[in-house]
Amino acid sequence: MDDLFKRTQAELHHGRGDFLTAELAICSRYAHLASTMYMAGKSSFADRQITGAEESYATAHRFLTDPKNSQHLTIKTVQESTKKLEALRGMLDQLQRSRKSNNP
């Protein structure tokens, strides 16, 4: 019984890392799509993608900074996710500037 509990707990912790990785990937996809749509002149569609990216970013940020969740992540996962989150923040800030210049 103890072995089953340990395996289940390990799978839960691994799932948290998978969730964070997936959320960061979703944010990245939204951001890249928004960038592509701005270049294609489809600012209305790009604006909706930025909204989705910001929501995914906020979810990943909350998850990563909440000790209840982050204490179960490996140091490597936290470091890599933090780096990705910082890069995404830079990309989202650039997209927000593009949004403002396209929608005065």
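Taking each heavy atom of L85 and Y57 in turn, the nearest pair found is O-CE1, 3.4 Å. Minimum heavy-atom separation, A34 to I50: CB-CG1, 3.7 Å. Between V78 and S70 the shortest heavy-atom distance is CG2-O, 4.2 Å.
Looking at S35, its side chain never comes within 3.5 Å of a backbone N or O of A31 through a donor-acceptor pair.
Here the OG1 atom belonging to T21 is positioned 8.5 Å from the CG atom belonging to L73, to the nearest 0.5 angstrom. Summarising the geometry, atom CG belonging to L95 is positioned 14.0 Å from atom OH belonging to Y30; distances are rounded to the nearest 0.5 Å. Note that the SG atom of C27 and the CD atom of Q49 stand 11.5 Å from one another [nearest 0.5 Å]. Residue L64 holds its CG atom at 8.0 Å from CG of L24, rounded to the nearest 0.5 Å. For the atom pair E23 CD and D18 CG, the distance stands at 13.0 Å (nearest 0.5 Å).
Within the hydrophobic cluster formed by Ile, Leu, Val, Met, Phe, Trp and Tyr side chains joined at under 4.5 Å, directly or through other members, L33 is accompanied by M37, F45.
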- request: Show your reasoning for whether side-chain contact (heavy atoms from CB on, under 4.5 Å) applies to R62 and T59.
  value: CA-CA 5 Å; R62 273 192 316 272; T59 299; 3.5 Å; yes
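Residue pairs meeting the side chain to side chain donor-acceptor pair (under 3.5 Å) criterion with at least one member in residues 76-85, sequence neighbours excluded, are T74-T77.
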Exercise answer: donor-acceptor pairs, residues 87-94 side-chain atoms, under 3.5 Å, sequence neighbours excluded:
| from | atom 1 | to | atom 2 | distance (Å) |
| --- | --- | --- | --- | --- |
| R89 | NE | D93 | OD1 | 3.0 |
| R89 | NH1 | E54 | OE1 | 3.2 |
| R89 | NH2 | E54 | OE1 | 3.4 |
| R89 | NH2 | E54 | OE2 | 2.8 |
| R89 | NH2 | D93 | OD1 | 3.1 |
| Q94 | OE1 | R97 | NH2 | 3.0 |

